[in-house]
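Counting from 1, the numbers follow the sequence of the chain as shown. When a ligand or atom number is given, it counts from 1 through the structure's own listing order.
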Amino acid sequence: MRLTTLISAISAGAITCAAISVPIYIQPVTVPETAPALLAEIAYDAPEDPLAIPAAVQPEVASYEPPELPEEARLVRIGVYNSKAKHWESSTTVLSVDNFSKGYSPHFVLNLDANGKDILGVSCRGVRVDAGYTRDFGPQAALTVAGPGKQPDLNKPVVLSPEGKKVVPEEKTFLQKYWWVFAIGMFLMMSGGGDQK
Ligand SMILES: *[C@@H]1O[C@H](CO)[C@@H](O)[C@H](O)[C@H]1NC(C)=O
């Protein structure tokens, strides 16, 4: 049984999460007449809460086919491709064909939008497979979620009192802050002002 079928079968019983299978296609950039070809399928359960990504959602590379590219291809682009409508459904990422050479294993990263729904893009890097590495040598996948952009630093928040009035923190008066200086001065004056006589 293929992994995707297995995942669909499992999640058919679950109400909250649906299995998503993302087709990743590859196309040489420098040889544009070559049609995009299926490179990999990445499957994961639809996240209920996008904030739970990446910890709670573990994508699997359900299938991977090392690409067969024209000899002259140097750069390729990858992305989510709709083979029926024949258009890219995510942005594409350009990388060098060397990432798919022998001795390298592709590591995919799916970048989801802040809602965890739409796939903004896919990136991939060939990671060198170390001889002697017995595990984690196959194609791998991870998810990231595009966080909300940095918020502008605005002025201090307006504090409202329970009646809805703006609360202005009271500025202490000079006297309130430095009463002790006057107290000492007063004490010195009353005790005769030191050696002034
Ligand atoms: C993968 O592609 C990137 C972008 O073209 C390149 O910088 C990098 O060297 C490539 N990695 C390998 C292992 O070829």
Exercise for the section: Using atom types as modelled and distance alone, determine if a side-chain donor or acceptor of Asn115 lies under 3.5 Å from a backbone N or O of Lys117. Expected result: no
Handout entry: ligand 1 atoms in contact with Tyr104 (distance to a heavy atom under 4.0 Å)
Key = 13 (C)
Problem - atom 2 (O) of ligand 1 within contact range, any protein heavy atom under 4.0 Å - result: yes
Practice task
Look only at the side chain of Ser21 and the backbone of Ala43, and say whether a donor-acceptor pair between them is shorter than 3.5 Å.
Solution key: no
Handout entry: ligand 1 atoms in contact with Ser96 (distance to a heavy atom under 4.0 Å)
Key = 2 (O), 4 (C), 5 (O)
Handout entry: Option of least heavy-atom distance to atom 12 (C) of ligand 1 (set: Val127, Leu75, Asn99)
Key = Asn99
Problem - Exercise check, heavy-atom protein proximity under 4.0 Å to atom 14 (O) of ligand 1 - result: yes
Practice task
Keeping the roles fixed (side chain from Ser105, backbone from Gly138), state whether a donor-acceptor pair exists under 3.5 Å.
Solution key: yes
Problem - Joint cluster assignment, Tyr64 & Val127, ILVMFWY side-chain distance < 4.5 Å - result: no
Practice task
Find all atoms of ligand 1 within a distance of less than 4.0 Å from any non-hydrogen atom belonging to Gly126, and give their numbers and elements.
Solution key: 13 (C)
Exercise for the section: Look only at the side chain of Thr92 and the backbone of Arg77, and say whether a donor-acceptor pair between them is shorter than 3.5 Å. Expected result: no
